[in-house]
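All remarks here apply to the structure that follows.
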Amino acid sequence: MWEMFVTDMFVNCRNLSRPLLYIAGALFLLLPPQSAGAQDVDLCNHPLADPVRAISACTRLLNGDSQGPQSAGWFNNRGVGKLKKGDVKHAIEDFTEALNRNPDYFDALMNRGIAYHMGEDYDSAIGDFNRALLIDSTSKRAAPIYNMRGSSLSRKGEYPRAIEDFGNAIKLNDQYVQAYVNRGDAYSATRQFVPAIADFNTAIKLTRTNPLVYIHRGDAREQRADFAGAISDYSAAIGLDPNSWEAFSHRGEAWRLQRDLAKSIADHNKSIQLNPTAKEAYLNRAFAWGDQGEFDKAIADCTEALVHDPNYALAYADRGRFKRLNNLKKDLKGSLNDLNKAVKLDPSSPVALTFRGDTLREWDDNAGAMKDFNEAIDILPDFVAAYTGRGLTYEKKGDAEKAKADYQKALGLSAELDAGLARPAQDLARARLDALDEQERTATLPKTEPAKSIPVDIQQALYHRGHALLIGVSDYKTGWPQLPNVKNDLQELKAGLDPYFETVEIVQNPTVSELRGRMSEFVLDQWNNPNERLFIYYAGHGFTAFNQASTDNDGYITGSDTPGKSVAKAVSFFEVDSWSRNTSARHVLMVFDSCFSGSLFQTMGPEQEPSPNDLDNVRTLLRKPMRYYITAGRQNEEVAADSTFAKLLLRGLRGGADKYHEGIISAEELGNYLYHEVPKDSPRPQTPQYKSIGNAALSEGQFFFLSGPAAGDVTSTVSPSRAPPGTKANGPGTLSNKSGIK
């Protein structure tokens, strides 16, 4: 009788933002009919039922007659038993012996092709499938051959030929579920998501109980940024198989891309609980940690993925990326080592090349960075992140026109493909375009007298000192209007604030719990040091609520999950004020770009015009504590949902607020500048407010910035040189905290 052996056959799909789970394909090892009789013949004829006994039985039969008319079948059957046990090498030897006795033995050709495929010898596999199709290419039994040859072609990246083979399999058998799934994967690999989803739809109609088919349709939907549809499919897969670690891991990634990091982490934890050795589950969770700014955890998960697969190229690539992004423990040398390994393992990966280009740019190896970005674009011409990375490199080289061309190219491509990388890359490209446009606008303004020379001790006290936390809520889940400009504002602010602080951290779309936790941790724990200089910027919705007890309107800022004007699910300005009062940090400046944020100052009017800064007085003020607030509007004003406030804040730091051209700007001067300039550009009444905290002991000092021109001069005076990879330095991009002002 005829037997079938089912093994795993995979279609190698390319997904640039994360690894895909490859679906198992049903491939058949066909055994020849045998005459009933002796026990050995019966055992040899059923190798799948008991491969150990079948192998022994076939061996005994072959010892009695290795050249007779039945011997080809016995060799074939013994090869099936060996393949069932995972002994690919000796299975191939037996199939070859069967073919030596019968060169046109269709089933042995099919079986040896499967064995070659399992041994990753795809060319030999394709050769055997070709020979089998020369024998029979039109009957229904040829359908599995087309499907298997398509799978081998897919493993080689020859997707158009693979798609044709899967189509031929379907023509011969229109109920062939695996051929539909494999063709859908090949379509996805070539970014043809509409026909891919159509094939998965057909497969689901044919077999509604296979969770893997739902996972694959979810992957296709996710890659075209249909995250809700993807989550629905992964949930359906979980319903069919509650122990599917793959479905939880993929759903966790979809939650991440939909910016629900709490659900993302929960799903990844469940996935790892179900399969503690799944490398993809650890890497997917690393992406979620990275989005939260938890880079140590992200790096640890990448490392765990590499424990389970030391040749996992994507894990090296992302660990290298996280080491570069980790501002608190930036490790450019480690980043470059990981990315070199990733490129060595997968030289054609645009992801690894782009990440390495970003690291090389930070090492000031612009030529090496440019080479990597160009190669990534040659491999994948629509890879958004590579254009943004190359634009940043052009900008660093001083070629603003080419930088703008690359940023515009990045923005012109679809953000639906590889959304996990494309969307933040487009946000950064948009922010840099705005910054370059602003620089061009500033360059056309009338020239002013140059800034005065700033003494070195003051430079050291201000340049690249302290820490900034930029928080933005743009994607609300509970009825508040969306604020799409906030994401771009934060990216532009980060780029503009980098010269002023040691670290500039972005927190995107926190829940109210995450908002409260990160702000309080930043002020009261992470940087709660006596000499610290802290800057917090919040952009999002705010509101006021009347307090019956105090008969005052209290102000609140919101998280992404704040439902309407719910004071229980919002952060009160009184909480913020208490953190500011209780930190040991010397200087704290908080800026709020939110509606009704002026309720922080309930009775405040405009302050008098700031006086020029006396340098001796500046030194005194730098030694004393200060808590300062700037808000985007008055208590009852609705702040415009555009980028006016953020752009003018940066314009002020670049010199606009340096009224006396001293090269130094106080928080008071910055607030006064915004007070006068924002109303000119805002589409609705909006008057920024600025004031120190209502506590004399915490209002003795002042928060200062070097102005834009002065900060540019300082970089050549006090900035450390960057050592090349492999040499010791104070640390990439860091400046010693020692200064002449204590």
Side-chain angles (χ1 to χ4, degrees), residues 6 8-26 177-178 180-189 193 196-289 291 301 304-305 308-309 312 314-315 318 418-420:
V6 182
D8 285 346
M9 183 69 78
F10 302 107
V11 173
N12 186 9
C13 295
R14 180 184 60 185
N15 183 315
L16 296 175
S17 59
R18 64 175 178 82
L20 277 174
L21 168 73
Y22 304 125
I23 194 167
V177 173
Q178 192 55 52
Y180 284 109
V181 173
N182 285 349
R183 189 172 68 176
D185 283 340
Y187 277 133
S188 290
F193 296 114
I197 291 172
D199 273 348
F200 295 135
N201 289 342
T202 301
I204 287 172
K205 288 179 182 178
L206 294 172
T207 175
R208 294 185 177 276
T209 59
N210 188 336
L212 293 175
V213 182
Y214 286 96
I215 291 174
H216 268 246
R217 188 174 69 178
D219 285 330
R221 285 176 164 177
E222 183 179 315
Q223 289 186 74
R224 65 190 303 232
D226 178 10
F227 304 129
I231 289 168
S232 176
D233 273 345
Y234 299 143
S235 297
I238 291 169
L240 292 167
D241 181 5
N243 294 317
S244 172
W245 70 267
E246 300 99 324
F248 279 105
S249 182
H250 285 221
R251 192 174 70 176
E253 173 66 354
W255 284 124
R256 178 184 79 90
L257 294 173
Q258 196 163 278
R259 298 188 176 92
D260 193 330
L261 295 180
K263 289 182 179 178
S264 176
I265 295 292
D267 270 356
H268 291 318
N269 289 343
K270 179 66 174 178
S271 175
I272 290 169
Q273 178 188 341
L274 290 168
N275 186 356
T277 65
K279 62 180 183 180
E280 295 92 347
Y282 288 104
L283 189 60
N284 284 346
R285 189 171 68 177
F287 299 149
W289 290 131
D291 282 4
D301 269 351
E304 186 66 28
H308 301 293
D309 182 358
Y312 195 5
L314 196 55
D318 280 290
D418 315 313

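Every heavy atom of this structure was used, including side-chain atoms; hydrogens, water molecules and symmetry mates were not.
There is no side-chain donor-acceptor pair under 3.5 Å between Y312 and E280. Using modelled atom types, one finds no donor on one side chain facing an acceptor on the other under 3.5 Å when comparing N269 with S271.
The nearest pair of heavy atoms linking G184 to A196 is O-CB, 3.3 Å. Minimum interatomic distance between V177 and A203 (heavy atoms only, all atoms of both residues): CG1-CB, 4.1 Å. Contact detail for F227 and Q258: the closest heavy-atom pair is CB-OE1, 3.5 Å. Minimum heavy-atom separation, Q223 to S188: NE2-CB, 4.2 Å. Y234 and A254 get closest at one heavy-atom pair: CE1-CB, 4.0 Å.
The side chain to side chain donor-acceptor pair (under 3.5 Å) test applied to R221 returns D233, not counting sequence neighbours. Applying the ring-ring contact (aromatic ring centres under 6.0 Å, His included) criterion to Y282, with sequence neighbours excluded, gives H308. Applying the side chain to side chain contact (heavy atoms under 4.5 Å, CB included) rule to I238 yields the partners A247, F248, R251; only residues at least two apart in sequence or on another chain are considered.
Atom CG of N210 and atom NE2 of H216 lie 9.5 Å apart (nearest 0.5 Å). With rounding to the nearest 0.5 angstrom, the CG atom of N182 is 10.0 Å from the CG atom of D199. From E253, atom CD reaches atom NE2 of H268 across 5.5 Å, with rounding to the nearest 0.5 Å. Separating the CG atom in D301 from the CG atom in L283 is a distance of 8.5 Å, to the nearest 0.5 Å. Here OG1 of T202 is found 12.0 Å from CD1 of I197. Values are rounded to the nearest 0.5 Å. Put simply, OG on S249 and CG on D267 are 9.0 Å apart, with the number rounded to the nearest 0.5 Å.
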### Query
How far apart are the C-alpha atoms of Y180 and D185, what are their side-chain angles, what is the distance that settles it, and do they pass the side chain to side chain donor-acceptor pair (under 3.5 Å) test?
CA-CA 9 Å; Y180 284 109; D185 283 340; over 6 Å; no

### Task
Show your working on side-chain contact (heavy atoms from CB on, under 4.5 Å) between S244 and I215 and close with a plain yes or no.
CA-CA 10 Å; S244 172; I215 291 174; 3.9 Å; yes

### Query
Run the side-chain contact (heavy atoms from CB on, under 4.5 Å) check on W255 and I231 step by step: do they pass?
CA-CA 7 Å; W255 284 124; I231 289 168; 3.5 Å; yes

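E304 places none of its side-chain heavy atoms less than 4.5 Å from the side chain of I272. Taking 4.5 Å as the limit, every side-chain heavy atom of D219 sits out of range of all side-chain heavy atoms of F200.
No side-chain donor-acceptor contact under 3.5 Å links Y214 to the backbone of S235.
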